[in-house]
Amino acid sequence: MSDLFKYMAENSSEIFRLLIEHIELTAVAVGIAILIGVPLGIFISYVKGMSKPIIGVANVVQAVPSMAMLGLAIPLLGIGVLPAVFMVTLYSLLPIIKNTYTGIASIDPEMVEAAKGIGLTRGQVLRKVKIPMALPVIMAGVRISAVTAVGLMTMAAFIGAGGLGYMVFSGIRTANNLQILAGAIPACILALLVDFLMGLVEKLVTPISLQPAYMEAKAKAKKGRTRQKAILGVAAVLLVVLIGNSVIGSMGGSKDKHITIGGMDFTEQFTLVYLYKYYIESETDIDVTAETNLGGSQVCRGALKKDEIDMFIDYTGTIFVEVLQNDPITDMQKVYEVCKDEMYKQNKFILLNQTGFNNTYTLATSKEVSKEYNLTKLSDLKRVAKKLVTGTTFQFLNREDCMKGLNSKYGIKFKDSKTLDGTPRYTALENREVDVIDAFGTDGLLKKFDLVVLEDDINFFAPYYGVPVIREAVLKEYPELENVCNKLSSVLDDETMMELNYRVDEKEEEPEDVAKDFLKSKGLI
Amino acid sequence: MSDLFKYMAENSSEIFRLLIEHIELTAVAVGIAILIGVPLGIFISYVKGMSKPIIGVANVVQAVPSMAMLGLAIPLLGIGVLPAVFMVTLYSLLPIIKNTYTGIASIDPEMVEAAKGIGLTRGQVLRKVKIPMALPVIMAGVRISAVTAVGLMTMAAFIGAGGLGYMVFSGIRTANNLQILAGAIPACILALLVDFLMGLVEKLVTPISLQPAYMEAKAKAKKGRTRQKAILGVAAVLLVVLIGNSVIGSMGGSKDKHITIGGMDFTEQFTLVYLYKYYIESETDIDVTAETNLGGSQVCRGALKKDEIDMFIDYTGTIFVEVLQNDPITDMQKVYEVCKDEMYKQNKFILLNQTGFNNTYTLATSKEVSKEYNLTKLSDLKRVAKKLVTGTTFQFLNREDCMKGLNSKYGIKFKDSKTLDGTPRYTALENREVDVIDAFGTDGLLKKFDLVVLEDDINFFAPYYGVPVIREAVLKEYPELENVCNKLSSVLDDETMMELNYRVDEKEEEPEDVAKDFLKSKGLI
Amino acid sequence: MIQLENVTKKFGGKVVLDKISMDIRDNELTVLIGPSGCGKTTTLKMLNRLIAPSEGKITIDGIDIEAIEKIELRRKMGYVIQQGGLFPHMTIRDNIEIIEQLEKKDKDHIVENTIRLMEMVDLDPEEYLDCYPTELSGGQRQRIGVIRALANDPKIILMDEPFSALDPLTRSNLQDEFVKLKEKVDKTIVFVTHDMDEAIKVADRICIMRDGHILQFDTPEEILRNPADDYVENFVGAKRIWDSPEYIKVEDFMIKKPVTCHPDTNKGRCLQLMSSSHVDTLLVVEPDNTLVGMIGRKSLYWATDKNSIARDMVYPNMSVAKPDDNIVDILRIVDEEDINNMPVVDDKGKLVGLLTSSNLVSTLSRQFLSEEQEEAKQEEVSEV
Amino acid sequence: MIQLENVTKKFGGKVVLDKISMDIRDNELTVLIGPSGCGKTTTLKMLNRLIAPSEGKITIDGIDIEAIEKIELRRKMGYVIQQGGLFPHMTIRDNIEIIEQLEKKDKDHIVENTIRLMEMVDLDPEEYLDCYPTELSGGQRQRIGVIRALANDPKIILMDEPFSALDPLTRSNLQDEFVKLKEKVDKTIVFVTHDMDEAIKVADRICIMRDGHILQFDTPEEILRNPADDYVENFVGAKRIWDSPEYIKVEDFMIKKPVTCHPDTNKGRCLQLMSSSHVDTLLVVEPDNTLVGMIGRKSLYWATDKNSIARDMVYPNMSVAKPDDNIVDILRIVDEEDINNMPVVDDKGKLVGLLTSSNLVSTLSRQFLSEEQEEAKQEEVSEV
Ligand SMILES: Nc1ncnc2c1ncn2[C@@H]1O[C@H](COP(=O)(O)OP(=O)(O)OP(=O)(O)O)[C@@H](O)[C@H]1O
Ligand SMILES: Nc1ncnc2c1ncn2[C@@H]1O[C@H](COP(=O)(O)OP(=O)(O)OP(=O)(O)O)[C@@H](O)[C@H]1O
Ligand SMILES: [Mg+2]
Ligand SMILES: [Mg+2]
């Protein structure tokens with residue numbers, strides 16, 4: 001439990017950002033569902049023949065497994081906010097339509113006759129009598145939908161629309177229960193909040209006399225309304241600001257010269273997207289939209305193919321192994337070239353120059369150990385390995401291109417190997433329980449613990465250099481991008497990325513700020 | 001479109017089986033949700049203070065992302081039917097509770113007063129007045145839940161509870177849209193059916209006078225009721241039979257000596273489970289439950305760990321590469337031994353003897369070609385490759401342990417290589433557009449097209465031999481299993497599995513029947 | 001003028017109205033009355049098209065109502081619903097003002113109008129306008145229903161048992177209001193009631209219905225005096241006319257053949273006449289039946305001259321009644337002038353009958369005595 | 001016996017009933033009557049605990065009703081709800097039989113009972129039992145509401161304006177039924193109405209309420225004859241008593257000091273007396289006021305002997321009235337015997353007053369003449 005609090009506190013800014021996204025998405029989806037569902041429910045309560053087909057369609061939609069829906073929606077709508085909202089809207093329709101229909105159809109017919117009898121038009125009967133009297137039932141439908149939408153919207157993360165689902169799914173992927181909870185708990189709280197706000201709306205729009213037990217509370221109720229209105233007002237303003245912001249944000253992005261840079265869903269990628277964005281914007285008159293948090297590289301590549309983004313930063317090793325299905329090799333230039341050729345052949349994607357940072361496996365050691373054994377390069381290990389204890393992930397220990405290879409290809413054999421995971425490795429190193437640990441090249445923790453990364457002078461680790469991938473068409477339209485990006489790419493090295501990642505992860509600065517800062521400090525913008 | 005029909009026709013027996021499973025699961029889940037939700041909704045409409053907390057809890061549950069819910073439910077409830085039903089029941093509660101509450105709370109208070117006034121007890125007011133009058137709204141909630149449950153229940157496939165989700169998810173995994181649709185469409189139809197049946201229930205239990213426009217249709221309605229009752233009666237009987245069957249089935253399985261064999265979610269595994277089941281049952285007095293369709297090997301391994309199954313058939317290569325994270329090697333004995341040791345060390349799992357079938361990559365050719373070039377072994381290729389055209393999957397072409405290795409390690413270079421996928425390879429081979437294709441060792445298609453599989457005399461392909469994995473505790477309890485299983489395992493070879501797979505996949509026989517048949521034909525049972 | 005022509009209404013197979021035709025005249029208050037379930041409400045609802053006739057047609061000023069836009073038609077008609085029909089989710093104010101608000105009338109005018117109406121039905125606006133219908137008693141709700149129908153000042157008002165839940169004082173005030181309303185501002189009112197007193201009090205014409213037929217459609221007076229058949233008579237109540245005594249005319253109960261004598265008859269002959277015909281009074285008439293005067297035993301005493309003739313003995317200051325005077329007029333005179341006998345004389349001064357105290361007593365006693373007795377007496381009395 | 005002791009009911013701050021106390025006797029029909037909104041329904045609902053009193057207590061046979069189990073209490077009481085309160089989702093049959101069905105009474109008995117009740121309220125069981133309430137007219141629904149309350153044969157029946165929507169014939173039949181019911185099978189009935197005629201017709205005792213107070217709680221006769229205050233008199237209607245003429249007693253309207261003479265008075269003296277006191281009749285009494293007989297001008301004529309004394313001249317076969325005979329009795333006699341004057345004699349044969357035709361006429365005319373006239377005449381008449 002306290003773990004969870006700690007985790008949430010540590011990641012509060014990210015959780016908060018995701019929560020805001022989640023609120024925006026849910027609000028839009030539910031809003032649309034209400035705007036469609038309520039009129040539709042009313043419509044079918046009037047036109048008898050229509051109720052069966054329309055509720056039938058809503059039923060069918062509801063029964064489509066959400067994963068299948070996603071699968072079907074992506075080819076049609078692509079990725080991002082649109083399909084996420086679309087999907088959740090669809091799922092939200094049934095309860096709203098059904099309850100609206102039921103509520104209106106089950107109003108006492110004598111009441112309706114009275115309304116007609118005194119001369120109300122159809123519309124007025126509806127507005128003045130049917131809707132107010134059916135309101136508790138209609139609102140029950142809306143509230144069910146809204147709450148369900150909060151949960152469903154976690155799916156949005158699958159298609160790069162962000163939201164709390166991002167936490168949940170990356171938690172599931174990494175079997176990190178804390179992370180799952182850190183996403184699920186805010187979602188639950190949000191659901192409660194949504195239901196609470198909807199409850200206020202309901203109370204405000206429901207005639208007092210239809211509220212249970214209003215008599216005793218009559219005076220109170222009237223007073224209460226003012227407070228309810230105030231709460232709702234604040235909520236509404238917040239929501240409008242939120243949504244307005246993102247709408248304006250996305251509108252601001254639609255200038256004449258304009259590209260979108262996508263980014264995957266981990267720290268480094270956030271910073272990278274903004275680095276390129278600000279730099280391009282300062283060097284050219286192109287306007288750049290940052291489309292961060294798109295999921296894995298697979299998703300980014302899909303988005304690039306579907307013209308939803310114009311560029312993103314991939315890693316050479318990923319392309320080489322995952323896309324082209326090659327066995328890992330260590331020659332960074334060869335990898336780059338194979339990737340460049342194949343990507344162009346297959347997709348008309350152009351790989352710009354590689355950056356200077358290599359987000360691959362590395363080994364690192366503490367300053368102390370480094371001094372003691374004069375250990376700075378991989379090749380030094382041959383000499384001193386026998387005296388050293390490693391603390392690595394299970395994976396590192398068993399991969400042919402990691403520990404096993406060091407052993408088999410270079411005969412490097414350590415005194416002992418312990419399997420450790422995550423941050424504990426760093427602590428173990430600090431406490432000198434181990435002497436050498438594995439790490440990713442640009443991990444901010446390297447910086448935090450001020451470690452010495454062993455230089456890969458034997459070219460052992462496969463290269464995972466960051467590399468901007470851009471569509472040919474885009475590059476043709478904005479040829480200036482090539483030089484600009486290359487210039488920036490050349491500046492980015494392991495050291496830099498480590499620093500920047502450190503600032504974002506550990507110091508909890510915003511990626512935007514970190515990127516801007518860095519560019520300024522280097523005189524680049 | 002016609003593709004879809006064809007696909008569905010071809011897989012109709014499987015789709016039907018999954019549909020039945022789906023119906024059982026959904027019926028149970030919705031049934032439980034109704035049994036819990038309606039009373040709860042009624043309860044909170046009486047006890048004022050309770051409505052907020054209980055609806056709050058239902059809201060929270062609804063907002064938990066379904067994937068996260070699964071993630072959280074598995075450690076508590078394990079895999080299979082129980083957690084699936086549990087999860088769907090939870091999600092079905094909100095609409096039922098909320099609508100029951102709303103329906104009952106919004107009944108005209110003067111009507112309730114009248115009921116009290118003439119001397120009805122609380123319970124009678126509820127049964128005679130409140131419930132009948134709130135019924136349209138309550139049933140709206142139930143119908144929303146039921147339809148949603150049909151969709152949600154597809155999640156069941158994730159945890160080995162089967163149902164139509166199995167089609168959908170394996171379709172998603174393999175990007176097979178036909179398969180997705182073949183799962184999703186029956187689900188949608190089921191949703192419509194469920195809603196239709198629920199509609200009948202509603203009509204039957206709703207007082208005629210509360211039904212819209214009953215007046216004109218009064219006489220008709222009374223007649224209609226008989227027919228409605230008949231339809232519902234039939235549906236109810238069917239459902240009882242279905243559920244009864246599976247209950248009795250699962251009860252029958254709980255004799256004194258009893259184990260459960262798990263199986264993954266593809267054809268071969270179905271047959272394997274039944275093969276071992278029937279053989280064990282005939283050779284020992286142990287009763288075996290077949291728990292097929294548990295998803296990937298990961299899931300089976302998890303289930304084994306959690307004592308939910310006692311044994312399953314894994315593949316050596318899978319263990320070696322995926323679990324132990326080794327690079328593939330070709331020595332089948334070494335692979336087996338590493339796996340055996342490690343699995344025991346890590347989990348106290350015992351690998352029994354390997355079977356004789358190797359479900360790995362192979363190359364195959366037509367009888368014609370085989371004769372023409374005297375081509376029966378891989379080593380023959382060195383000689384004739386230059387004259388042959390291959391038709392392989394993209395993957396096969398690019399993997400180091402497949403085509404590339406043949407090239408680099410053995411200098412086998414074909415005249416030309418075409419990338420083809422799935423069944424088209426076989427057709428292309430038949431039409432002699434290509435001469436050699438890749439295949440999995442036990443693929444039924446090899447049998448169907450009557451091809452020659454090139455013997456791996458150079459030990460090139462990594463071994464993926466089937467191997468029964470059993471928990472140590474189980475083996476200790478039933479030591480007789482070791483011999484029995486080993487005896488069966490020794491009988492199973494590529495030829496046999498190919499034959500059996502062929503019968504299930506292409507001849508659409510049931511895996512049970514195929515397994516039984518085979519064992520009988522061999523005099524094993 | 002609203003006309004129903006051969007209107008039939010069936011619910012399912014059941015004939016609820018059977019070819020009824022009636023004319024509802026402008027600026028009149030027409031009452032529909034009849035036993036429970038006879039089709040009054042159904043008729044009313046057809047006028048504003050809440051129910052469509054199965055056959056026949058209904059016209060307003062000659063235009064088929066099917067051709068009039070429903071809403072327009074209904075806004076032209078106030079409608080007081082039998083069971084109240086207030087909207088439970090609206091305050092009393094909103095219930096009353098709903099149509100006015102929708103028609104966006106002047107706010108101040110609406111408020112004023114509402115207050116005026118509330119005061120008309122004797123409900124405190126302050127106290128009740130912000131309540132909801134459930135907070136009102138049955139009679140209070142009914143009154144709100146009534147003024148809701150008036151709020152928009154419609155030309156035609158349909159009222160379905162509008163005062164059935166009211167106490168006699170309130171009801172009587174409202175009845176007066178509606179009669180005034182109709183007379184002052186030319187409203188056409190169709191008023192359903194089951195209360196014959198009410199019908200007679202407010203109606204210009206009464207339509208008596210039974211089992212979907214019209215039994216009689218006439219003025220209250222005609223219905224009271226000449227019920228179309230036994231059922232109507234019974235329904236109206238034989239004694240009902242005593243609640244509207246102004247419809248009881250002298251000619252209905254006077255002694256039609258009083259004992260008369262020639263003006264020249266002498267005192268002895270007069271006395272003899274009185275004794276033989278068992279009366280105390282003789283009417284003195286010219287041969288052409290012109291009334292000269294009346295003499296009684298008293299006058300015979302006073303006339304000391306044995307040869308006095310009737311002409312000289314008649315009472316002075318004799319009050320006379322007209323045949324179409326009603327009983328109330330007569331009672332007033334009798335009461336004021338303390339007289340026992342009163343000759344009835346037509347416009348030309350000719351004697352047509354006589355009223356006596358005992359004749360009045362027996363007439364008045366008819367209202368209290370049972371049918372049979374009454375019937376039996378009827379002839380007797382008129383011969384005295 | 002149901003007793004209310006200082007019962008007060010407030011809704012919000014509004015006092016609806018203010019410390020009312022009353023005793024409702026067993027086997028009586030007690031009517032609650034009063035203007036709309038005076039608290040009748042509220043009182044009734046407190047009897048079966050639908051509403052709890054804010055203060056005070058209610059007991060049945062001495063047991064506080066708070067101590068009686070609600071359901072038991074209510075099943076013991078039939079309740080006819082003001083606005084009908086039928087369940088729209090049940091057929092008429094189920095509406096009527098609901099309690100019986102719940103109590104699992106004998107099926108045949110239920111069916112029979114229902115048919116009997118339907119016939120009692122004049123609704124065809126065949127036609128209506130399978131209908132739903134919306135298919136019934138207002139009055140039909142009300143009748144179903146009434147018999148629902150009777151179905152379970154409760155000891156106490158609470159009826160809230162049960163006949164307000166019924167036509168006079170049906171209503172009158174039902175009133176008779178309830179009076180019979182109470183008498184034959186010992187029911188205690190509390191009956192709310194706003195119709196004074198109805199109240200007087202059915203009530204054993206009437207409770208007149210206004211603004212949450214009880215103005216008068218007494219028998220109909222007392223209320224008619226001695227209204228507690230002006231409001232009651234006005235509410236009852238000054239002329240109301242004419243609807244119950246049996247409450248008008250001879251002593252109320254007889255001439256209290258008729259002109260009398262000693263039996264020995266001679267003819268001349270008699271004539272003189274008549275002339276001087278302007279009467280046609282003298283009452284002959286002994287000095288102790290024992291009535292001997294009556295003489296009129298006619299008898300004086302017949303008495304040819306100049307010295308005849310009064311005792312010898314009295315009419316034969318004289319009818320006499322008692323002071324507590326009611327006007328209907330008198331009118332019947334007058335009507336049958338065609339007499340003009342009738343002495344009023346007490347039990348001991350002593351003269352207490354006189355009835356004359358003109359005295360009857362002026363009494364009877366009171367019901368038609370306006371208050372003022374009447375008042376003015378009152379004294380005059382009693383002196384004639
Ligand atoms: N639930 C309530 N809330 C507030 N006030 C109420 C409520 N019920 C009744 N009243 C008020 O109490 C008073 C008495 O109501 P009650 O229904 O007892 O009158 P009643 O005598 O039955 O009148 P009626 O003859 O019109 O039915 C009325 O003024 C009414 O407005
Ligand atoms: N919707 C309906 N369906 C079937 N029958 C109906 C319907 N409405 C009315 N009736 C029948 O039509 C007849 C006339 O009903 P209507 O309401 O016009 O009577 P009413 O004269 O207004 O009686 P009341 O004085 O009791 O209100 C009744 O017998 C009733 O049962
Ligand atoms: Mg009616
Ligand atoms: Mg009342």
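Lettering follows sequence order; numbering is per chain, from 1.
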Inset, instruction - List for me each residue that meets side-chain hydrogen bond (donor to acceptor under 3.5 Å, both in side chains) alongside D/K45, sequence neighbours excluded, and say none if there are none. - result: B/E113

Legend entry - Non-neighbouring partners of D/E161 that pass side-chain hydrogen bond (donor to acceptor under 3.5 Å, both in side chains), sequence neighbours left out: D/H194

Between [options], who has the most heavy-atom pairs with chain D when the cutoff is under 4.5 Å?
options                      : result
C/A165, C/G34, C/S172, C/G39 : C/A165
C/T170, C/V16, C/L166        : C/L166
C/P35, C/S137, C/G37         : C/P35

Inset, instruction - Please determine, by modelled atom types, if D/D160 and D/T41 share a side-chain donor-acceptor pair under 3.5 angstrom. - result: yes

Per-residue contact mode, [X] against chain C (heavy atom under 4.5 angstrom):
X      : value
D/S36  : both
D/S164 : both
D/Q142 : neither

Legend entry - Qualifying residue, where the test is side chain to side chain donor-acceptor pair (under 3.5 Å) with C/T193 and the options are C/K40, C/K201, C/E198, C/Q175: C/E198

Legend entry - Gap between atom CG of D/L86 and atom CD1 of D/I144 - 0.5 Å precision: 7.0 Å

Inset, instruction - Quick one: pull up CZ in D/F235 and CG in C/D167 and give me the separation to the nearest 0.5 Å. - result: 5.0 Å

Inset, instruction - Under 4.5 Å heavy-atom distance to chain D, tell me which part of C/Q82 shows up: side chain, backbone, both or neither. - result: side chain

